[in-house]
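Okay, structure first, notes after.
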Amino acid sequence: MDYSFNSAWWMRNRHVQTILPRFFRPLQKVPVQFEELGTPDGDFLELAWAQEKRPNAPLAIILHGLEGNINSFYAKGMLKALTHKGFDAVLMHFRNCSRAANKLPRAYHSGETSDLGFLIHTLKQRFVERPLYAVGFSLGGNVLAKYLGEQRQHSGLQGAAIISAPHHLSSSCQVIRKSCYGLYQKYLLDRMKRSFSRKLDTIADVLTIDEQQLNEINDLWQFDNLITAPLHGFDGAEDYYRQASAQDYLKHIVTPTLLIHAQDDPMLSEQAVPQPEHVSDSITLAVSETGGHVGFISGNNPLKPQFWLEKAVPHYFNSLQAKSTL
């Protein structure tokens, strides 16, 4: 398969590619079973399993984006696409993105890879013979890329796909603050504040912030500077962005990885666009001119949009499967 993407003629605009896909499948449902996986520090990760009861099927982990969950359109679509192509799939909710708030003060952030490492280790123990893959969207893509670069040949994965990841966090934050008249920033901040309000009592001994102060935050950088960074041991927002960005890890990736990115992504900066000199030989670089942020809608019929990602990622994983059995 040629991993070059061409936008639908009726969806050339980058904001349309980013916003409209979530409205194409309002009634889409993917049957899942939830599991609460206890973590070594006494907390839990909520997993959403989409399985076809195939004991020897390869298994794919899905990592959602900022404030995403099992109801995110791209997550449901990829779960369904992978299971239709012979995979079992499991979505890992980042801490505090699940149905219930987590027990500990810590939440999640763009560079937190220990929970992913724990999940992969757990699945490798449960399913010793099953090949394991992972796909990460946006923030989840940055987490996956950083994990792969950290672990190098010890990732535990046979393949990976990274989609619309903010590999350069500081500059991408500045883009989100201004893009589309602040629409993306408001959308994300509203969700972040609503989600974090569940943790105010839990973090009282770690971070001094009340509900009024939380509600008064109207800027993404401010949220990261006042909450994300101090809660997770960083010295302010810029220190968090510097340490959590995956860009410097791309050249250390050993796991075969499909890296998908659109140059017109309205939520990410030009610095976040991966360049050939930034990536290892294990990465298949698929950078298109158009596609928006986690959009990538193609097709000639506006009444039948084609979700290109749901073809490209399963095809890539299956091609790796075929090579491994030769």
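Contacts of Ala246 classified as side chain to side chain contact (heavy atoms under 4.5 Å, CB included), with partners at least two apart in sequence or in another chain: Asn142, Ala145, Lys146, His167. Applying the side chain to side chain contact (heavy atoms under 4.5 Å, CB included) criterion to Pro105, with sequence neighbours excluded, gives Thr202, Ile203, Val206, Leu231.
In this structure, the separation between OG on Ser110 and NE2 on His232 is 10.5 Å, given to the nearest 0.5 Å. Note that CD1 of Ile61 and CG of Leu59 are 6.5 Å apart. Values are rounded to the nearest 0.5 Å. Taking CD1 of Ile253 as the reference point, atom CD of Glu150 lies at 10.5 Å (rounded to 0.5 Å). With rounding to the nearest 0.5 angstrom, the CD1 atom of Ile19 is 4.5 Å from the SG atom of Cys180. Gln213 CD to Leu207 CG: the interatomic distance, rounded to the nearest 0.5 Å, is 9.5 Å. Rounding to the nearest 0.5 angstrom, the gap separating the CD atom in Gln275 from the CD atom in Glu270 is 9.5 Å.
Ring orientation note: the planes of Phe317 and Phe87 are tilted relative to one another, at an angle of 30° to 60°. The aromatic rings of Trp49 and Phe127 sit perpendicular to each other, their planes meeting at more than 60°, with 30° as the lower class boundary.
Formation of a donor-acceptor pair under 3.5 Å by the Ser72 side chain with backbone atoms of Gly68 is not found in this model. At least one donor-acceptor pair under 3.5 Å links the side chain of Thr83 to the backbone N or O of Lys80. For the pair Thr284 (side chain) and Leu258 (backbone), a donor-acceptor distance under 3.5 Å is absent. The backbone N or O of Ala81 sits nowhere less than 3.5 Å from a side-chain atom of Lys311 that would complete a donor-acceptor pair. Checking side-chain atoms of Ser138 against main-chain N and O of Gly140 turns up no donor-acceptor pair under 3.5 Å. Looking at Ser245, its side chain never comes within 3.5 Å of a backbone N or O of Gln247 through a donor-acceptor pair. Side-chain atoms of Lys85 do not come within 3.5 Å of backbone N or O of Pro314 as any donor-acceptor pair. A distance-only check finds no donor-acceptor pair linking the side chain of Thr113 to the backbone of Tyr147 [under 3.5 Å]. No donor-acceptor distance shorter than 3.5 angstrom exists from the side chain of Trp9 to the backbone of Ser298, with no hydrogens or angles considered. Although no hydrogens or angles enter the test, the distance criterion places no donor-acceptor pair under 3.5 Å between the side chain of Gln263 and the main chain of Val273.
For the side-chain contact (heavy atoms from CB on, under 4.5 Å) with Leu47, the qualifying choice from Gln33, Glu36, Glu35, His93 is Glu35, the only one to do so. Only one option out of Asp264, Thr290, Asn13 pairs with Ser7 in a side chain to side chain donor-acceptor pair (under 3.5 Å); it is Thr290.
What you find for Gly141 and Ala165 is that their closest heavy atoms are C-CB, 3.7 Å. When all heavy atoms of Leu189 and Asn218 are compared, the pair lying nearest together is CD1-C, 3.4 Å. Scanning all heavy atoms of the two residues, the minimum distance from Ser280 to Lys251 falls at CB-O, 3.4 Å. Looking at every heavy atom in both residues, Met11 comes nearest to Pro21 through CE-CD, 4.3 Å. Taking both residues in full, the closest heavy atoms of Ser172 and Ala272 are given as OG-CB, 3.7 Å, listed atom of the first, atom of the second, then distance. Residues Ala50 and Leu79 share a closest heavy-atom pair of CB-CD2, 4.0 Å.
For residues 10-32, every residue pair satisfying the salt bridge (Lys or Arg N to Asp or Glu O under 4.0 Å) rule, not counting sequence neighbours, is listed here: Arg25-Glu310.
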Asn102 vs Asn96, side-chain hydrogen bond (donor to acceptor under 3.5 Å, both in side chains): CA-CA, chis, key distance, verdict: CA-CA 5 Å; Asn102 284 88; Asn96 208 41; over 6 Å; no
Worked verdict on Ile120 versus Ser155 for side-chain contact (heavy atoms from CB on, under 4.5 Å): CA-CA 8 Å; Ile120 290 173; Ser155 73; over 6 Å; no
Working for salt bridge (charged side-chain N to carboxylate O under 4.0 Å, His left out), residues Asp88 and Arg130: CA-CA 10 Å; Asp88 280 351; Arg130 298 176 69 174; 2.7 Å; yes
Audit row: Asp239, Gln243, side-chain hydrogen bond (donor to acceptor under 3.5 Å, both in side chains) steps and yes/no: CA-CA 6 Å; Asp239 181 52; Gln243 292 197 52; 3.1 Å; yes
Criterion salt bridge (charged side-chain N to carboxylate O under 4.0 Å, His left out) on Lys186 and Asp219, from CA distance to verdict: CA-CA 8 Å; Lys186 184 180 187 319; Asp219 181 273; over 6 Å; no
Stepwise side-chain contact (heavy atoms from CB on, under 4.5 Å) check, Leu63 with Leu91: CA-CA 6 Å; Leu63 303 176; Leu91 179 134; over 6 Å; no
Full working for side-chain hydrogen bond (donor to acceptor under 3.5 Å, both in side chains) between Asp224 and Tyr241: CA-CA 9 Å; Asp224 285 336; Tyr241 296 149; 2.7 Å; yes
Audit row: His293, Leu268, side-chain contact (heavy atoms from CB on, under 4.5 Å) steps and yes/no: CA-CA 8 Å; His293 187 73; Leu268 304 180; 4.1 Å; yes
From CA spacing to verdict: side-chain hydrogen bond (donor to acceptor under 3.5 Å, both in side chains), Glu238, Ser170: CA-CA 7 Å; Glu238 292 303 326; Ser170 180; 2.8 Å; yes
Stepwise ring-ring contact (aromatic ring centres under 6.0 Å, His included) check, Tyr184 with His15: CA-CA 10 Å; Tyr184 299 125; His15 297 297; 5.8 Å; yes
side-chain contact (heavy atoms from CB on, under 4.5 Å) between Phe5 and Ile260, worked out: CA-CA 9 Å; Phe5 169 77; Ile260 297 173; over 6 Å; no
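Looking at Arg106 and Glu112, a side-chain N of the basic residue comes within less than 4.0 Å of a carboxylate O on the acidic one, giving a salt bridge.
Glu67 and Tyr108 form a side-chain donor-acceptor contact under 3.5 Å, judged by distance and modelled atom types alone.
Taking the six-membered ring for Trp and the full ring otherwise, Phe94 and His64 have centroids separated by under 6.0 Å. Proximity of the aromatic rings of Phe307 and Phe296 is defined here by a centroid distance below 6.0 angstrom, and this criterion is not met.
Between Leu82 and Met78 the shortest side-chain heavy-atom distance falls below 4.5 Å. Side-chain atoms of Thr257 and Leu144, non-hydrogen and from C-beta on, never get closer than 4.5 Å to each other.
Atom NZ of Lys76 has more than 12 heavy atoms from other residues, nucleotides or ligands within 6.0 Å.
Follow the hydrophobic side-chain contacts under 4.5 Å out from Phe137 and you never reach Val175; the two are in separate clusters.
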